[in-house]
There are 2 protein chains.
Amino acid sequence: MNTLDERRKKILYAIIQSHIDLNIPIGSFFITQKFQVGLSPATIRNTMAELEKLGYIMQPHTSAGRVPTEKGYRFYIDVLLEEQPLSLAPELYYELSTRLTDTEKTGTGIIKEAAKTLSLYSHCLAIVIPPKTEEMILKRIKFIKYEKKKVLTVLISENGVVYNKTIELEKAYSQNQLDKASNYLNNKFHGLSIKIVREKIADQLHKDKMICDQLISILLTLCKEISLSDIDDFTLNSLAGTANLPDFATIDQIKEILGAIEDKQFMLKLLNQISDSLGIRVFVGMEIIRPALKELSMVISTYKNKKDTSGAIGIIGPTRMNYKKLIPMVEYTAKALTKMLSA
Amino acid sequence: MNTLDERRKKILYAIIQSHIDLNIPIGSFFITQKFQVGLSPATIRNTMAELEKLGYIMQPHTSAGRVPTEKGYRFYIDVLLEEQPLSLAPELYYELSTRLTDTEKTGTGIIKEAAKTLSLYSHCLAIVIPPKTEEMILKRIKFIKYEKKKVLTVLISENGVVYNKTIELEKAYSQNQLDKASNYLNNKFHGLSIKIVREKIADQLHKDKMICDQLISILLTLCKEISLSDIDDFTLNSLAGTANLPDFATIDQIKEILGAIEDKQFMLKLLNQISDSLGIRVFVGMEIIRPALKELSMVISTYKNKKDTSGAIGIIGPTRMNYKKLIPMVEYTAKALTKMLSA
DNA sequence: GTTAGCACTCTTAACTTTAGAGTGCTATTA
DNA sequence: TAATAGCACTCTAAAGTTAAGAGTGCTAAC
């Protein structure tokens with residue numbers, strides 16, 4: 001796929017870079033002016049015709065310059081940008097380090113702050129997916145009774161992310177019994193993930209003579225109920241928290257984005273898809289995800305915690321976004337977040 | 001102010017109602033067709049000229065029909081709509097009652113659900129302001145230690161709204177001490193508001209010999225720290241949760257709205273302003289609040305709990321929104337919410 | 001292989017035209 | 001005297017026209 005000779009690469013790069021900067025179709029004459037390529041417009045035109053035949057660029061209409069196709073952007077990101085070192089806007093260093101440290105925030109707060117900062121500097125919509133609850137490492141768990149059979153579960157993960165979930169039990173338990181249950185869990189399962197806890201709990205319970213029957217049933221119910229279902233709140237928060245809504249998108253597109261993000265299934269699928277390929281990932285033209293998101297791209301990276309599985313943080317912007325600047329930006333933010341969360 | 005004779009009222013009503021329905025300037029001929037007013041276009045034109053002189057309507061340009069001014073809308077809402085019974089769209093009855101009851105949600109969940117439903121049926125942006133933490137009635141309070149000096153405070157209000165707040169104490173306490181503190185608070189102050197608790201705590205403490213010194217300092221710190229500062233999350237959630245973004249607003253306006261809503265000060269001011277005048281309140285042309293919100297209006301109502309002070313729920317939409325339908329809608333939603341929360 | 005020259009295409013902006021909606025004024029009617 | 005018909009007038013919005021310019025592809029020359 002990356003079988004383009006040097007001249008073609010050079011010209012393709014010039015076209016895409018110029019189009020990203022100026023948001024206009026790029027003509028042959030323009031390139032001779034902006035880039036010292038040592039060729040005449042006519043020659044460039046020939047090469048452009050070839051690139052067009054290969055599917056990297058296209059003409060909006062017969063007498064216009066060329067704009068990159070999705071294939072073109074893909075090549076630009078995968079091949080052309082790889083060949084040159086990407087530099088990070090230095091403002092972000094300072095901003096992220098101060099924003100993420102000076103607050104005495106919980107893990108959740110840090111993650112949100114990172115998203116806000118990212119949005120501010122990228123001028124895109126920032127999105128965050130929190131670490132999977134399933135694989136979250138338990139630091140503390142507490143059950144608080146607040147109605148006959150209703151119990152509020154508070155989970156605190158290793159890195160300070162707090163989850164609340166109300167669950168309804170089959171029968172009423174006293175706060176005292178609930179405290180026993182949470183103490184038991186805290187002692188036995190501290191430092192393990194919910195997933196593991198659920199798997200081990202049956203084994204453990206009947207070995208441990210000290211546990212009364214009620215406790216068993218409480219614990220089983222609890223572990224069944226604690227699931228991924230609270231993911232949505234969190235993601236949306238981080239999105240809307242970004243005050244500067246994108247200039248690039250139409251209202252319909254924003255609707256579509258919000259719709260997609262409200263869709264839990266979608267977010268989970270996305271997270272799975274990217275957490276396989278650790279590190280940064282760029283989606284060009286998101287129509288695979290939703291048809292209406294054709295002209296949008298997403299740059300997203302996983303972040304990790306001390307032991308937990310990763311969440312994801314990234315941005316959504318126009319397909320012609322400034323990848324050169326934004327890819328390192330997302331990358332750095334994810335790294336900074338990882339560092340802060342595992343500190 | 002409401003000194004318009006019957007004919008003028010009738011014609012003003014016809015203009016505003018038609019303009020709301022069709023979003024076009026309304027001409028004299030149109031009115032004779034749509035309303036059986038028993039007058040000729042010429043007569044109506046005369047009346048229109050008078051109404052224009054009085055400032056209730058205006059012409060976008062010389063040869064156009066008339067559109068309502070803000071003063072016109074104000075009059076329409078305060079006088080004209082008062083004179084006729086407003087009816088509630090019946091779908092909402094069913095929808096709200098099922099949505100708010102069938103879920104085994106906490107108070108927070110109920111409030112959010114109400115906002116979502118409201119947004120869905122009004123096609124506007126729904127906003128919610130949660131009840132003031134200060135005056136929230138305590139049902140349960142719990143402190144969970146999760147780092148040396150860091151404590152997660154979980155408050156559950158009378159109506160099931162859950163608040164989390166991380167606080168940092170001056171010295172480290174054991175979970176055991178914290179449990180004592182929360183038990184003490186639960187016993188002594190159950191059913192009172194945070195505000196009252198704070199006021200009474202000093203008195204109570206030195207009377208009660210059973211309390212050790214550490215506990216006193218914990219409690220004082222806690223009550224100092226628990227403030228209104230967590231309001232923002234909640235409001236934003238409820239806003240963004242509404243999937244259908246408004247068709248009416250420009251991107252700039254949406255930005256502005258989000259900006260305003262992120263502004264804690266603004267929300268608090270707004271809440272205070274409306275909670276004085278219990279019940280529903282309509283803001284026409286919100287440029288008082290933010291200049292960029294000139295063409296937007298807000299219909300907002302307070303809702304209450306068993307004993308708590310009220311929060312607010314409402315919608316933001318175009319100035320030419322369908323008040324006739326939306327005012328009772330917001331009103332009913334607020335009432336339904338009040339009912340559910342105090343059940 | 002590269003380039004200059006040139007005819008050709010197509011878009012965009014500016015200007016012109018036209019139809020029609022709605023008005024205000026005046027004279028007329030009940 | 002209040003209501004109305006008639007009419008000239010104004011202004012907008014849509015459609016049509018024109019002209020400039022940007023960029024191309026092709027061909028012939030270097």
Side-chain angles (χ1 to χ4, degrees), chain A residues 3-69 72 295 320, chain B residues 3-69 72 295 320:
Chain A
T3 55
L4 290 184
D5 61 44
E6 273 314 307
R7 175 187 296 170
R8 286 175 180 170
K9 278 189 187 175
K10 213 166 191 169
I11 289 178
L12 183 56
Y13 178 82
I15 292 171
I16 298 182
Q17 195 57 52
S18 304
H19 183 253
I20 285 174
D21 292 342
L22 302 170
N23 195 21
I24 48 170
I26 304 302
S28 54
F29 183 71
F30 180 90
I31 290 182
T32 62
Q33 297 296 84
K34 273 280 218 178
F35 298 77
Q36 326 30 355
V37 71
L39 294 171
S40 77
T43 313
I44 293 180
R45 277 204 286 284
N46 289 332
T47 311
M48 279 174 147
E50 292 158 18
L51 285 171
E52 181 157 22
K53 206 157 285 171
L54 291 170
Y56 293 102
I57 54 180
M58 57 164 287
Q59 289 180 286
H61 52 85
T62 39
S63 75
R66 305 304 212 285
V67 296
T69 59
E295 287 140 11
R320 48 161 287 283
Chain B
T3 56
L4 289 184
D5 61 43
E6 274 313 308
R7 175 186 296 169
R8 285 174 181 170
K9 277 188 187 174
K10 213 164 190 170
I11 291 177
L12 182 56
Y13 178 81
I15 293 171
I16 297 182
Q17 195 56 54
S18 303
H19 183 253
I20 286 173
D21 292 342
L22 303 171
N23 195 21
I24 48 170
I26 305 301
S28 54
F29 183 70
F30 180 90
I31 290 182
T32 63
Q33 298 296 84
K34 272 281 217 179
F35 297 78
Q36 325 32 356
V37 71
L39 293 170
S40 77
T43 313
I44 293 179
R45 278 204 287 284
N46 288 332
T47 311
M48 280 173 145
E50 292 158 18
L51 285 172
E52 181 157 21
K53 206 158 283 169
L54 291 169
Y56 292 101
I57 53 180
M58 58 164 287
Q59 288 180 286
H61 53 84
T62 40
S63 75
R66 305 305 211 285
V67 295
T69 59
E295 287 139 11
R320 49 160 286 282

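All of these numbers come straight from a predicted model, not from anything done at the bench. Each chain gets a letter, A, B and so on, in the order the sequences are listed, and its residues count up from 1.
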>> For A:Phe30 and B:Ile44, find the nucleotide of DNA chain D closest to each by heavy atoms; which residue's nucleotide sits nearer the 5' end?
In response: B:Ile44
> Is the shortest side-chain N/O distance from A:Thr62 to OP1 or OP2 of D:dT24 below 4.0 Å?
Replying inline: no
>> Nearest whole Å is fine: how far is C:dG22 P from B:Met48 CE?
In response: 9 Å
> Got a donor-acceptor pair under 3.5 Å from the side chain of A:Ser63 to the base of C:dC10?
Replying inline: yes
>> Tell me the interatomic distance from B:Asn46, atom CG, to C:dG22, atom C1', rounded to whole angstroms.
In response: 14 Å
> CD of B:Gln59 versus P of C:dG22: gap in Å, rounded?
Replying inline: 11 Å
> What's the verdict on side chain to side chain contact (heavy atoms under 4.5 Å, CB included) for B:Val37 and B:Thr43, showing C-alpha distance, side-chain angles and the deciding distance?
Replying inline: CA-CA 11 Å; B:Val37 71; B:Thr43 313; over 6 Å; no
> If every non-hydrogen atom of A:His19 is compared with every non-hydrogen atom of A:Pro68, which pair is closest and at what distance?
Replying inline: ND1-CD, 3.4 Å
> At under 4.0 Å between heavy atoms, what does B:Ala42 touch on the DNA or RNA strands: base, sugar-phosphate, or nothing?
Replying inline: base
> For C:dG22, does either OP1 or OP2 sit under 4.0 Å from a side-chain N or O belonging to B:Arg66?
Replying inline: no
> Expressed in angstrom and rounded to an integer, what is the separation of A:Ile15 atom CD1 from D:dG23 atom P?
Replying inline: 12 Å
> With respect to the side chain of B:Arg45, which nucleotide from D:dG25, C:dT9, C:dT23 is positioned closest?
Replying inline: C:dT23
> To the nearest angstrom, how far is B:Ile26 atom CD1 from C:dA21 atom P?
Replying inline: 14 Å
>> OP1 or OP2 of C:dT2 versus the side-chain N and O atoms of A:Arg7: is any pair under 4.0 Å?
In response: yes
> With no hydrogens and no angle check, is any side-chain donor or acceptor of A:Thr69 less than 3.5 Å from a backbone partner on A:Gly55?
Replying inline: yes
> Does B:Ile26 offer a backbone N or O that forms a donor-acceptor pair with the side chain of B:Arg66 under 3.5 Å?
Replying inline: no
>> As a test of reading the structure: which of C:dT23, D:dT4, C:dT2 is closest to the side chain of B:Ser40, going by heavy atoms?
In response: D:dT4
>> Just the rounded figure in Å: distance from P of D:dG25 to CG of A:Leu51.
In response: 12 Å
> Whole Å only: how far is the CD atom of A:Gln33 from the P atom of D:dG23?
Replying inline: 11 Å
>> From CG of A:Leu22 over to P of D:dG23, roughly how many Å is that when rounded to an integer?
In response: 12 Å
>> Please give me the minimum heavy-atom distance between A:Gly65 and A:Pro60, naming the atom from each residue.
In response: O-CD, 3.3 Å
